[in-house]
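Along the sequence shown, the residues carry numbers beginning at 1.
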Amino acid sequence: MNTPTPHPNTSAYEMVIGLEVHCQLLTASKMFAADANAFGSAPNTNVGVVTLAHPGTLPKPNRKAFELAIRMGLACGCDITRLNTFDRKNYFYPDLPKGYQLTQDKTPILRGGRIAVTYKTADGRVISDAVALHHVHLEEDAGKSVHDADPAQTALDFNRAGVPLIEMVTDPGIRSAEEAAAFLTEIRKLVRFLDICDGNMEEGSLRCDVNVSVRKKGETALGTKVEIKNMNSIRNVQRAIEAEFARQVATVENGEKIQQETRSFDADTGRTTAMRLKETMNDYRYFPDPDLSSVLVSEQWIEAVKAQMPELPNAVFERFVAQYGLSDYDANQLTDSKETAQYFDELCQHTTNYKAASNWMTGAVRSYLNEHPSVSLPQFALKPAQIAAIIALTDSNQISTSVATQKLFSALMAQPNQTPLALAQQNGWLQNNDSTALETWIEEVMTAMPDKVKEYQKGKKGLLGLFVGEVMKKSKGAADPVRTNQLMTKKLEKA
Ligand code: ADP
Ligand code: MG
């Protein structure tokens with residue numbers, strides 16, 4: 001990948017990063033209009049007169065959007081603003097049908113708060129820290145310019161115009177690309193657990209602008225910041241920060257000044273390029289929207305939202321440790337995403353062997369999902385009850401764990417309408433625990449290896465494994481190894 005070569009004096013500098021993260025809220029309708037908030041509709045079908053600010057129309061705040069923002073505030077320990085107002089941010093752009101965006105310039109719904117992050121530094125240290133939030137405000141999204149619909153013209157789709165967003169603005173307290181990536185990963189996880197945003201960066205429901213500056217280590221004053229836009233994955237946010245840090249260090253080392261500007265990240269070249277300078281930046285002429293009255297968030301309203309809060313990832317983690325006796329490591333893996341946690345909870349309603357359930361989730365199921373990135377748990381062919389049925393077969397010694405993980409799992413994936421028991425029967429994978437058959441195999445093995453039997457009886461007890469292995473071969477894996485061990489030992493003592 002194409003990353004600029006770091007300047008030799010890079011280690012004398014520190015990076016300073018602040019993020020602005022936009023999350024599209026999972027409401028049924030728009031922030032101030034009744035049009036549907038839906039991704040993927042035919043262009044310009046969710047566009048009514050309020051979204052276009054036709055004369056005589058009046059916007060009306062979406063109650064649900066407030067509730068979702070308050071959920072975020074409760075999860076991050078923010079102060080919740082009681083008296084909320086909206087301002088017009090005026091600018092001209094083709095995707096902005098009204099000529100202004102409604103946003104909270106003066107009374108962001110949330111102030112303060114923090115999000116805990118754990119990440120590995122480039123030199124391998126594991127750091128647990130918290131990223132401080134400056135504020136979070138509610139606003140409406142703009143429409144979309146579509147450049148690839150027509151070879152000669154730009155098309156406009158206003159379906160997205162007016163979709164509710166929260167913009168989360170951090171303090172400039174992030175110090176590495178790894179920390180920024182961990183913060184975004186944590187936000188994505190959190191919004192999904194909270195059911196406030198689907199967290200999909202490719203579809204743009206979670207977007208991030210990055211502000212980067214550099215300063216000599218030990219300095220306390222902030223350097224001039226550059227804002228970077230257009231990253232569509234967490235990986236690219238990390239790459240953009242690294243590239244921009246390298247560029248700024250090289251610029252300063254060259255004796256030049258950093259220009260305050262907006263730059264764009266190009267994922268193909270791995271570099272940032274200038275978009276516009278501060279001097280040419282818009283003056284947004286913010287002023288309170290005269291059509292909207294203020295929204296009062298009462299104590300009772302906050303209490304009602306609190307009562308409906310979904311379980312937070314940390315609470316699920318602690319419950320998994322307490323309720324299912326999982327190790328911290330397993331509980332951490334199983335709370336990696338809401339879907340995994342939900343699947344596991346459901347699995348544990350069908351089995352009490354929680355350790356086996358955890359092993360299945362972090363083993364076979366996870367491997368399958370890793371190998372098939374287009375499949376996620378909700379589309380996964382096997383339901384929790386089916387995994388539980390496999391666990392029941394191994395717990396009752398009807399099949400061995402190795403047959404279960406190496407054969408039965410993929411057989412069931414191929415024929416998910418069959419029961420695990422039926423498939424094990426059809427394929428002859430049920431362990432043969434019938435003593436007569438076992439005894440016959442054992443006798444055959446002993447007759448075939450008289451010398452080894454003598455050696456065993458003279459004290460070379462390690463040969464037991466060889467005999468058992470031979471029986472397993474004869475049974476084509478159907479013999480229960482534990483039972484074979486017991487019977488074999490008995491026969492050898494007697495012979
Ligand atoms: P603006 O007025 O340009 O919008 P703000 O002060 O509102 O700037 O900050 C916007 C974002 O930029 C915040 O996330 C903040 O943490 C970050 N930021 C501000 N100054 C710096 C800086 N010198 N270096 C890096 N990030 C910064
Ligand atoms: Mg700002």
So does [X] have more than 12 non-hydrogen atoms from other groups sitting under 6.0 Å from [atom1]?
X      : atom1 : value
Lys64  : NZ    : no
Lys454 : NZ    : no
His134 : NE2   : no

Do [X] and [Y] have side-chain atoms, one donor and one acceptor, less than 3.5 Å apart?
X      : Y      : value
His22  : Glu20  : no
Glu203 : Ser205 : no
Asn232 : Asn236 : yes
Thr351 : Asn353 : no
Thr118 : Ser128 : yes
Asn159 : Ser41  : no
Glu339 : Tyr343 : no

Compare every heavy atom of Gly270 with every heavy atom of Arg239, then report the nearest pair and how far apart it is.
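Smallest interatomic distance, heavy atoms only, reads NH2-CA, 3.5 Å.
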Derivation and outcome, side-chain contact (heavy atoms from CB on, under 4.5 Å), residues Leu194 and Leu312:
CA-CA 7 Å; Leu194 288 171; Leu312 290 174; 3.5 Å; yes
Could [X] and [Y] be called an ion pair, given the rule that one side-chain N must be under 4.0 Å from one carboxylate O?
X      : Y      : value
Lys229 : Asp209 : yes
Glu244 : Arg247 : yes
Asp79  : Arg111 : no
Arg175 : Glu14  : yes
Glu443 : Lys491 : yes
Lys355 : Asp330 : yes
Asp195 : Arg71  : no
Lys306 : Glu303 : yes
Lys458 : Glu455 : no
Glu67  : Arg63  : yes
Arg319 : Asp345 : yes

Working to the nearest 0.5 Å, report the span between [atom1] of [X] and [atom2] of [Y].
X      : Y      : atom1 : atom2 : result
Phe183 : Ile115 : CZ    : CD1   : 4.5 Å
Asp480 : Asn397 : CG    : CG    : 5.0 Å
Glu140 : Arg160 : CD    : CZ    : 12.0 Å
Leu190 : Asn314 : CG    : CG    : 9.0 Å
Phe344 : Leu334 : CZ    : CG    : 5.0 Å
Leu487 : Ile442 : CG    : CD1   : 4.5 Å

Going by side chain to side chain donor-acceptor pair (under 3.5 Å), name the pairs with one or both residues in residues 402-428, residues two or more places apart or in two chains.
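Listed once each, the pairs are Ser400-Ser402.
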Minimum side-chain heavy-atom gap [X]-[Y] below 4.5 Å:
X      : Y      : answer
Phe409 : Gln386 : no
Asp266 : Thr272 : no
Leu19  : Ile174 : yes
Arg114 : Leu133 : no
Tyr119 : Val126 : no
Asn200 : Phe39  : no
Met201 : Ile234 : yes
Val163 : Leu25  : no

Just jot down the salt bridge (charged side-chain N to carboxylate O under 4.0 Å, His left out) partners of Lys120, sequence neighbours excluded, or say none.
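For Lys120, no residue satisfies salt bridge (charged side-chain N to carboxylate O under 4.0 Å, His left out) once neighbours in sequence are set aside.
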Salt bridge (charged side-chain N to carboxylate O under 4.0 Å, His left out) between Asp198 and Arg188: does it pass, once the steps are laid out?
CA-CA 8 Å; Asp198 67 22; Arg188 189 173 57 185; over 6 Å; no
Taking [X] for its side chain and [Y] for its backbone only, find out whether a donor-acceptor pair lies under 3.5 Å.
X      : Y      : answer
Thr394 : Thr401 : no
Lys30  : Asn46  : yes
Ser358 : Tyr354 : no
His7   : Asn9   : yes
Gln248 : Val214 : yes
Arg192 : Cys197 : no
Gln379 : Ser376 : yes
Asn211 : Gly18  : yes
Thr10  : Pro6   : no
Gln486 : Pro481 : no

Yes or no on side chain to side chain donor-acceptor pair (under 3.5 Å) for Thr27 and Asn37, after CA distance, side-chain angles and deciding distance?
CA-CA 7 Å; Thr27 56; Asn37 167 18; 3.2 Å; yes
Could you walk me through whether Tyr13 and Lys217 satisfy the side-chain contact (heavy atoms from CB on, under 4.5 Å) test, starting with their C-alpha distance in whole Å, then the side-chain angles of each, then the deciding distance to 0.1 Å, before giving a yes or no?
CA-CA 5 Å; Tyr13 291 85; Lys217 280 182 185 160; 5.9 Å; no
Does NZ or CZ of Arg366 fall inside the cone over Trp360's six-membered ring, less than 6.0 Å from its centre and within 45° of the axis?
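Arg366 over Trp360 ring: no.
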Can you list the steps and then say if Glu470 with Lys473 is a salt bridge (charged side-chain N to carboxylate O under 4.0 Å, His left out)?
CA-CA 5 Å; Glu470 288 301 311; Lys473 267 190 223 160; 3.1 Å; yes
Chi angles and distances behind the side-chain contact (heavy atoms from CB on, under 4.5 Å) call for Phe467, Thr484:
CA-CA 9 Å; Phe467 299 134; Thr484 310; over 6 Å; no
Stepwise side-chain contact (heavy atoms from CB on, under 4.5 Å) check, Glu139 with Glu167:
CA-CA 7 Å; Glu139 61 185 24; Glu167 177 175 341; 3.4 Å; yes
